[in-house]
Amino acid sequence: MQEQYNFTEIEQKWQDHWDQTKMFKKTEDPDKEKYYLLEMFPYPSGKLHMGHVRNYSIGDVIARHLTMKGKNVLHPMGWDSFGLPAENAAIKHGTAPAIWTRENIAEMREQLKTLGISYDWDREVATCQPDYYRWMQWIFIKFFEKGLAYKKKNPVNWCPSCQTVLANEQVVDGECERCHSAVGKKDLDQWYLKITDYADRLLTDLETLDGWPTKVKTMQKNWIGKSTGAEVDFAIKDFDKDLRIFTTRADTLFGVTYMVLAPEHPYVKDLVSGTDYEKSTADFMDRLQYMTDIERTSTTLEKEGIFIGRYAINPMNGKEVPIYIANYVLMDYGTGAIMAVPAHDQRDFEFAIKYNLPIIPVIDPKNPEIDLYNLKEAFEAEGDLINSEQFNGKNNVVAIDEFIAFLEEKKIGTKTTNFRLRDWLISRQRYWGTPIPMIYCEHCGWVAEKFENLPVLLPTDVEFTGKGESPLATSKTFQNTTCPTCGGPAKRELDTMDTFLDSSWYFLRYTDAKNENAPWDKEKSDYWMPVDQYIGGVEHAILHLLYARFFNKFLFDLGLCPSSEPFKNLLTQGMVLKDGTKMSKSKGNVVSPEEIINQYGADTARLFILFASPPEKELEWSDAGVEGSYRFLNRVYRLVSELADETKDAADTYKVDSADDKELAFVLNSTIKKVTEDLGTRFNFNTAISSIMILVNELYKYKEIEQRNKALLKYSINCLILLLSPFTPHICEEMWAGLGHKESAYAESWPSVDEKALVKDEVEVVIQINGKVKDKITVANGLSKEEFLELAMKNDAVSALTEGKTILKVIPVPGKLINIVIK
RNA sequence: GCGCGCGUGGCGGAAUUGGCAGACGCACUAGAUUUAGGUUCUAGCGGUAACCCCGUGCAGGUUCAAGUCCUGUCGUGCGCACCA
């Protein structure tokens with residue numbers, strides 16, 4: 001074993017070794033318990049950042065630890081390689097997106113390899129490759145066949161400067177994330193996936209996800225936003241159609257004083273046509289047209305509306321109430337129309353005050369401080385019903401169901417559930433994405449491409465202007481085709497898919513990444529799925545995780561995967577910060593992983609990141625902390641190289657001879673216990689590492705004593721290396737080999753705890769008076785309460801302090817402390 | 001505005017079940033080794049001159065005992081934000 005810790009040489013050597021021996025290649029093995037460990041795959045931007053290093057280091061610790069514990073660990077890696085940056089590079093520099101992406105992947109794969117993560121590289125996938133997106137198209141067609149993919153004309157986000165549609169997530173504070181111009185609306189024919197069909201299951205199954213952080217589940221729950229209520233029909237005076245509204249507050253029906261329609265509501269035109277209100281309505285709508293969604297739906301925006309000259313009739317009491325249109329009612333939620341109850345809804349209240357509309361209370365708060373007929377704000381809490389005829393006197397919450405039953409009986413309303421979740425707009429007017437495998441035929445309408453013609457390849461003869469329609473329209477060969485049904489002339493869809501689709505099923509493809517006849521083999525996904533542990537940033541808490549759950553459920557329904565949820569456990573890692581803020585180019589506080597690895601080695605980088613903070617928490621980068629980790633690895637290396645010779649011929653099993661031996665055996669076994677627990681159940685890598693540091697300190701002390709037990713020393717350093725090996729794999733393999741072991745450290749099984757070594761002869765206990773520590777004494781282990789009490793009372797500090805006082809109570813906790821309460 | 005999380009030394013953090021607050025590391029101080037610097041080693045390191053004592057954002061409460069549980073409050077971070 002070399003005396004110097006030469007990380008550059010060591011890391012290269014072992015990376016090559018793992019590569020050549022295919023150490024981490026895994027196959028299905030029914031005799032072994034499987035464990036599917038997955039880290040969110042990266043977008044291949046070309047450079048690894050610290051967030052990646054953190055994500056993959058965390059994963060690798062778990063993977064290597066469980067491998068040593070005998071599990072069959074699947075640990076794959078791939079590339080989420082479709083997306084805007086590649087296309088932007090094409091527009092800017094003229095490089096083909098495929099080439100740009102391929103080069104980035106190659107660069108990033110090399111960087112990942114320098115980190116020494118235990119991936120099964122044989123399962124690598126890249127979503128931009130035809131062998132992957134072919135199956136993406138196949139899945140899309142399954143959605144289409146099941147009626148879950150449809151095309152609809154709808155107002156979508158439109159950037160007037162880039163001349164393209166933007167996804168909601170690409171609209172930041174009402175501006176285009178690329179050019180910062182204000183985003184408007186445009187009516188476009190787009191493909192949607194019917195995720196709303198799965199809304200209920202996506203919501204209720206959250207409860208089964210015990211291994212997910214509550215925060216993420218709550219975010220998903222709010223995003224899905226289920227609310228139960230009723231749809232109620234209001235007749236419109238002198239109009240042949242009823243106005244249907246949605247409300248969660250059927251109990252307040254008698255408090256309705258006006259109605260509001262969304263300005264886009266289909267009735268509006270007919271209601272004002274040929275009346276005195278036609279012009280004012282048109283003017284109002286013109287003004288709204290120029291507002292972005294963000295502005296329109298901002299709570300800070302003042303509520304604004306106009307009366308459209310019509311009246312609706314309250315079905316409960318026949319009262320006529322005016323109909324308004326207003327900016328605060330949205331067309332795409334519920335029915336796009338509401339009943340307004342200003343007394344019990346703050347939004348309606350503000351609107352009523354502004355336009356001087358009546359406010360009728362129907363719930364009595366039973367609070368003398370609230371003047372019901374002169375409200376300062378809407379009363380939204382519980383109370384007893386008033387002004388509500390036969391419902392008077394009932395608790396309003398209880399009465400909701402009675403109201404709904406009444407409505408249903410009279411056939412003027414039905415119990416209804418609404419979701420905040422909308423269908424998923426997946427069309428993108430972009431080049432670098434999976435082509436939507438649909439064909440439009442004049443005779444047959446929208447028809448899916450035939451299976452044998454998949455993949456529908458991305459054409460290469462396109463122009464990138466960054467403007468107008470999808471670049472696929474500029475291809476001379478792509479658009480014109482024949483109809484798969486009738487054989488007549490037909491045109492291909494020119495839009496591509498949102499890249500979130502690609503990442504919604506990659507975890508299934510990993511189970512059988514090279515399959516050419518199916519997206520994956522059912523038996524293989526049955527063996528590996530679900531993912532036992534998923535690790536990634538919390539920024540994916542809603543979209544990616546919701547979409548992936550949706551896909552998995554759909555594929556589960558098709559019988560293609562064994563569980564209806566894809567990810568059993570989820571770990572959301574915290575951000576990597578520098579100087580208290582997120583690392584970013586614009587702030588100039590980016591620390592490059594490449595530089596750190598060159599300067600200190602991957603093991604040091606990994607150790608620092610894992611030691612500095614628990615994985616869910618934010619991590620503050622510290623150059624001094626990195627130095628410290630480097631120092632520790634040198635200290636371990638020195639220790640092992642100094643002891644390698646001395647322990648070379650020692651026996652493999654040890655006997656405890658002295659008090660020093662006993663102490664070392666105790667520290668060693670507590671460390672094994674602590675590291676095993678921290679790695680296996682808590683994922684608290686920082687405390688696991690600190691306990692290994694304590695073991696190292698103990699070994700340095702032991703090394704200096706005269707009567708050294710060589711067998712115990714040998715066993716201890718072997719364990720030390722194995723315990724450290726999930727964190728810093730290269731140096732550990734090197735030290736392991738340096739001790740004369742022929743096999744890799746990862747072929748070794750994880751050290752087990754000798755419980756006997758954890759039992760001490762003597763323990764230190766605390767003596768408290770009135771809950772304050774006064775003394776500490778060392779007593780024999782396993783003392784009874786009585787013996788313990790007797791010893792404590794004899795203690796000098798106790799006698800001094802209790803003299804002349806009354807002892808009220810004594811609470812002995814054997815093995816820990818005794819508390820004497822005096823007065 | 002609503003929901004969720006977090007407040008512990010100079011810093012990152014530990015205290016898993018209510019039972020010794022500050023493990024481990026960084027920074028710092030002193031000493032040893034070294035021609036010197038670095039490395040390495042030893043010791044110290046919440047406040048206080050000091051023992052007593054005081055100390056986990058603040059104010060209360062429960063308990064023999066509270067960083068941990070309860071109530072209120074302030075600060076901070078994240079998410080959602082007119083969803084009827």
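The sequence lines fix the lettering, A, B, ..., with proteins before strands; numbering per chain opens at 1.
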Visitor: A/Asp623: which residues meet the side chain to side chain donor-acceptor pair (under 3.5 Å) condition with it, sequence neighbours left out?
Guide: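 Here the qualifying residues are A/Trp621.
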Visitor: Kindly indicate whether the side chain of A/Ile818, heavy atoms from C-beta on, has any atom under 4.5 Å from the side chain of A/Val810.
Guide: yes
Visitor: Round to a whole Å and report the spacing from CD1 of A/Ile769 to P of B/C53.
Guide: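 After rounding, the reported distance stands at 11 Å.
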Visitor: Taking A/Arg54 for its side chain and A/Gly574 for its backbone only, find out whether a donor-acceptor pair lies under 3.5 Å.
Guide: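 Checked: pair present.
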Visitor: Just how far, in rounded Å, is C1' of B/C82 from CG of A/Asp348?
Guide: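 Taking atom C1' of B/C82 as the reference, CG of A/Asp348 is at 10 Å.
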Visitor: Quick one: label A/Thr247 by what it contacts on the DNA or RNA (base, sugar-phosphate, nothing), any heavy atom closer than 4.0 Å.
Guide: sugar-phosphate
Visitor: Quick check against the 3.5 Å criterion: does A/Glu620 have a side-chain atom that pairs as donor or acceptor with the backbone of A/Asp579?
Guide: yes
Visitor: Could you check how far CD of A/Glu616 sits from C1' of B/C78, rounded to whole Å?
Guide: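 Between C1' of B/C78 and CD of A/Glu616: 15 Å.
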Visitor: Taking CE from A/Met575 and P from B/C78, how many angstroms apart are they, rounded to a whole number?
Guide: 7 Å
Visitor: Quick one: stems involving RNA chain B, counted as three or more successive Watson-Crick or G-U pairs, both distances short of 3.5 Å.
Guide: B:1-7 with B:74-80, B:10-12 with B:24-26, B:28-32 with B:40-44, B:57-61 with B:69-73
Visitor: Applying side chain to side chain donor-acceptor pair (under 3.5 Å), can you list everything that pairs with A/Tyr324, at least two apart in sequence or on another chain?
Guide: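 Scan of A/Tyr324 (side chain to side chain donor-acceptor pair (under 3.5 Å), adjacent residues dropped) gives none.
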Visitor: Kindly give the heavy-atom pair with the smallest separation between A/Arg549 and A/Leu206, and that separation in Å.
Guide: NH1-CD2, 3.3 Å
Visitor: Starting at CE of A/Met219 and ending at C1' of B/G77, how long is that distance when rounded to a whole Å?
Guide: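 Checked: the CE to C1' distance equals 13 Å.
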Visitor: Establish, with yes or no, whether the OP1 or OP2 oxygen of B/C80 is under 4.0 angstrom from a side-chain nitrogen or oxygen of A/Arg420.
Guide: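 For A/Arg420, the contact criterion (side-chain N or O under 4.0 Å from OP1 or OP2 of B/C80) is not met.
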Visitor: What does A/Gly628 touch in the nucleic acid at a heavy-atom separation under 4.0 angstrom: a base, only the sugar-phosphate, or nothing?
Guide: sugar-phosphate
Visitor: Within the distance-only criterion (no hydrogens, no angle test), does the side chain of A/Asn684 pair as donor or acceptor with the backbone N or O of A/Asp678 below 3.5 angstrom?
Guide: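 The answer is no, because no donor-acceptor pair under 3.5 Å joins these two groups.
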Visitor: Can you check whether A/Gln599 reaches A/Val626 side chain to side chain, under 4.5 Å on heavy atoms?
Guide: no
Visitor: May I ask you to check whether A/Asn6 and A/Tyr637 show a side-chain donor-acceptor distance below 3.5 Å?
Guide: no
Visitor: Rounded to the Å, how far apart are A/Asp332 CG and B/A84 C1'?
Guide: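 Atom CG in A/Asp332 sits about 13 Å away from atom C1' in B/A84.
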Visitor: Return the residues of residues 631-643 of chain A meeting this criterion: a heavy atom under 4.0 Å from some atom of RNA chain B. Order them by number, or give none.
Guide: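 Close to the strand are A/Arg631, A/Arg635, A/Arg638.
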Visitor: Do the ring centers of A/Tyr258 and A/Phe351 come within less than 6.0 Å of each other?
Guide: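 Ring-ring flag for A/Tyr258/A/Phe351: true, centres closer than 6.0 Å.
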Visitor: Please figure out whether A/Asn418 or A/Trp223 has its closest RNA chain B nucleotide nearer the 5' end.
Guide: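 So the residue in question is A/Trp223.
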Visitor: Using modelled atom types and a 3.5 Å cut-off, is there a donor and acceptor pairing between side-chain atoms of A/Asp345 and backbone atoms of A/Ala340?
Guide: no
Visitor: For A/Ser227, report the nucleic acid contact type (base, sugar-phosphate, nothing); a contact means any heavy atom under 4.0 Å.
Guide: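 If one applies the 4.0 Å heavy-atom cut-off, A/Ser227 turns out to touch the sugar-phosphate alone, with no base involved.
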Visitor: Which residue lies toward the 5' end of RNA chain B, A/Lys701 or A/Ile694, if each is placed at its nearest nucleotide?
Guide: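 On the 5' side of the pair lies A/Ile694.
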Visitor: Just grab all the side-chain hydrogen bond (donor to acceptor under 3.5 Å, both in side chains) pairs involving residues 603-614 of chain A, residues at least two apart or on different chains.
Guide: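 Matches after skipping sequence neighbours: A/Asp60-A/Arg606, A/Asp603-A/His730.
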Visitor: Compare the minimum distances between each of B/A84, B/C24, B/G3 and the side chain of A/Asn697, then state the nucleotide with the smallest one.
Guide: B/C24
Visitor: Does the side chain of A/Leu203 reach to within under 4.5 Å of the side chain of A/Lys221, using non-hydrogen atoms?
Guide: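 In short, these two side chains touch, coming nearer than 4.5 Å.
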Visitor: Taking atom C1' in both B/C70 and B/G18, what distance in whole Å separates the two?
Guide: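 Those two atoms are separated by 13 Å.
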Visitor: What does nucleotides 10-21 of chain B look like as a protein-contact string, B for base, S for sugar-phosphate only, - for none, at under 4.0 angstrom between heavy atoms?
Guide: --BSSSB--BB-
Visitor: How far does the P atom of B/A66 sit from the matching atom of B/G1, given to the nearest Å?
Guide: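 Here B/A66 and B/G1 have their P atoms 35 Å from each other.
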Visitor: Going by the glycosidic torsion and a 90 degree boundary from 0, is the base of B/G12 oriented syn or anti?
Guide: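 Chi for B/G12 falls in the anti range.
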Visitor: What is the distance, rounded to the nearest whole Å, between atom NE2 of A/His540 and atom P of B/C78?
Guide: 17 Å
Visitor: From NE2 of A/His265 over to P of B/A84, roughly how many Å is that when rounded to an integer?
Guide: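 A/His265 atom NE2 is separated from B/A84 atom P by 17 Å.
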